[in-house]
Amino acid sequence: MNPIQSFLSRAFPALHGGALAGAVAGCVVACVIAVVILQALPGKARKAVIAAVTFVAGLFYALEFFLPANAQDENILTFAVPTVGNVTNVLGGMTLGLGVLSLIRIHGSNVVKVKSGWENSMLLLVSMVVMAVAGIWYGQTLFYRSLFRDVLNSFDAAMFAVLAFFIVSAAYRAFRIKSAEATLLMVAALVVMLGQIPIGQYLTHWLPVKGSYLSLLRLDNISNWLLSTVNAPAQRAIGFGLGIGGLAIALRIWLSLERGAYFEAKADES
Amino acid sequence: MTHASDKWEAAFLVALWSIIVLVTVITAQRGRKYFIRRIPGLNAIDEAVGRATEMGRPILMVPGLSGLGVVGLQALTIFSYIIKTAAKFGNRIMMPVADPALYTVAEEVVRESYASAGRPEDFDPTSVYFLSDRQFAFASGVAGTIHREKVAASFLFGDFFAESLIFAESGQQVGAIQVAGTVQTTQLPFFIASCDYTIIGDEYYAASAYISREPTLLGSLVGQDICKGMMLLIVVLGTLALSIKPLGEKFFFVQWFTIK
């Protein structure tokens with residue numbers, strides 16, 4: 001146990017029973033007070049607080065990455081990573097409640113005002129309640145499994161299946177020969193598709209697999225060449241750009257240099 | 001866990017690039033002017049909003065399955081600009097969200113965008129709504145919205161996966177002008193096939209700089225380009241080293257960047 005870990009263990013010993021409930025209640029009250037104070041602060045002060053919290057949170061992960069690790073691939077901060085992850089999960093869990101409230105607000109209003117399509121809104125609200133009841137109180141029963149596996153998963157699969165038709169229509173549009181680029185795209189796609197399927201491979205199966213220049217003309221070899229020598233570098237190049245772009249925007253958010261949308265508006269408040 | 005000590009060379013590059021980006025940001029903030037090339041997909045935003053105004057139909061903005069991270073926040077920055085433009089013309093907007101954490105921020109962004117456009121009274125709280133955090137439930141909800149509302153313009157920015165084509169093809173079917181951008185390279189071909197304009201690769205992260213012309217963001221963008229140039233140089237040197245027989249895989253430069 002490293003010094004930080006032992007200090008935290010002494011400062012926050014494991015609690016049970018009433019003490020644990022009291023600590024949880026205390027944390028909830030502290031969070032509510034923190035939110036109220038944050039709301040009451042003027043815009044610039046609030047931005048400073050948010051910037052400080054963001055910086056500390058980012059610094060934790062930056063230090064955890066840059067500090068040297070031992071043979072067990074751990075450093076002085078690694079032990080806290082799951083706990084910090086749990087904090088993020090708790091925040092995410094709280095926002096899920098806000099999402100559900102949004103659904104109830106919009107669809108409840110549709111039902112109460114008998115707007116067009118109110119029956120669908122009613123069905124959604126009833127389904128939400130039934131699913132929640134089934135999940136919370138009948139989690140291991142056939143009732144819940146049937147709702148989840150037979151109904152929800154089937155709907156998911158049906159929606160996924162729609163993709164097959166959309167791929168055809170999108171491919172038709174993409175492969176229409178309107179220009180030199182579109183022609184090149186269509187020929188490349190045709191070769192790759194033929195190279196992946198048995199009938200396509202059969203067309204050039206009489207050519208040697210390797211050891212001769214003729215093997216370069218086999219459809220499966222051309223297909224592999226297109227995928228690994230033409231397509232993969234392009235994908236990697238895009239990946240490099242995205243990685244560096246992600247690094248830059250993460251730096252801007254971490255150091256509160258970001259501008260536009262939420263960030264700028266908060267800074268401008270007085 | 002991944003640590004810098006697993007691969008010091010890579011960690012050094014991360015640190016170096018971070019410093020480069022920060023230096024260019026600071027020089028831009030001190031008044032140095034930087035040029036940014038034209039990005040057609042972002043220029044098309046005004047065209048799409050104008051079309052929606054003429055048609056009197058709503059504008060749809062979808063952040064995909066993005067959570068509250070850099071991708072989602074970047075999507076909201078782009079949407080904020082779209083909303084400000086739409087607010088001037090009184091367009092109706094719709095923003096279904098799949099991630100509850102992003103939903104809370106998105107609602108704030110939309111409200112503040114209307115306020116900064118001088119039309120706070122036009123903000124409709126029901127225009128931003130949480131649909132579902134399940135991929136295909138969200139997809140069916142968005143596709144339904146596109147068909148019911150016959151949206152005039154559709155902006156797809158954020159993290160998209162298999163549902164991307166469902167959104168893009170639904171938009172095609174109702175004749176919407178579509179602008180899309182994602183960091184998921186596997187979804188780019190679908191957007192290119194179905195959308196009018198697609199923002200590719202790190203253009204996605206350049207969007208906020210392009211739209212706002214804010215010196216901080218322009219400086220960051222130039223820093224990114226310098227880093228990309230360095231990356232290109234590393235690739236060229238590595239290719240040359242591997243191609244020259246006496247150097248080959250054992251050459252120290254190649255060894256630095258070999259994943260073990």
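All chains are named by letter (A, B, ...) in the order of the sequence lines, taking the proteins before the strands, and each is independently numbered beginning at 1. All values derive from a computational prediction rather than experimental measurement.
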Checking heavy atoms, do the side chain of [X], its backbone, both or neither come under 4.5 Å from chain A?
X: B/V235; result: side chain
X: B/Q172; result: side chain
X: B/S116; result: neither
X: B/I83; result: neither
X: B/I211; result: neither
X: B/Y129; result: both
X: B/V25; result: side chain

Below 4.5 Å from any heavy atom of chain B, which atoms of [X] appear? Answer side chain, backbone, both or neither.
X: A/V100; value: backbone
X: A/F240; value: side chain
X: A/L255; value: side chain
X: A/L242; value: both
X: A/T78; value: side chain

Of the listed residues (B/L232, B/L221, B/D202), which shares the most heavy-atom pairs with chain A below a 4.5 Å separation?
->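 Sorted descending by pairs with chain A, the first entry is B/D202.
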Among A/L98, A/V90, A/L96, find the residue that satisfies the side-chain contact (heavy atoms from CB on, under 4.5 Å) test when tested with A/M94.
->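 Exactly one candidate clears the test, A/V90.
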Is there any ring-ring contact (aromatic ring centres under 6.0 Å, His included) pair reaching into residues 76-127 of chain A, and which pairs are they, with sequence neighbours excluded?
->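 Counting only pairs at least two positions apart or across chains, no ring-ring contact (aromatic ring centres under 6.0 Å, His included) contact touches residues 76-127 of chain A.
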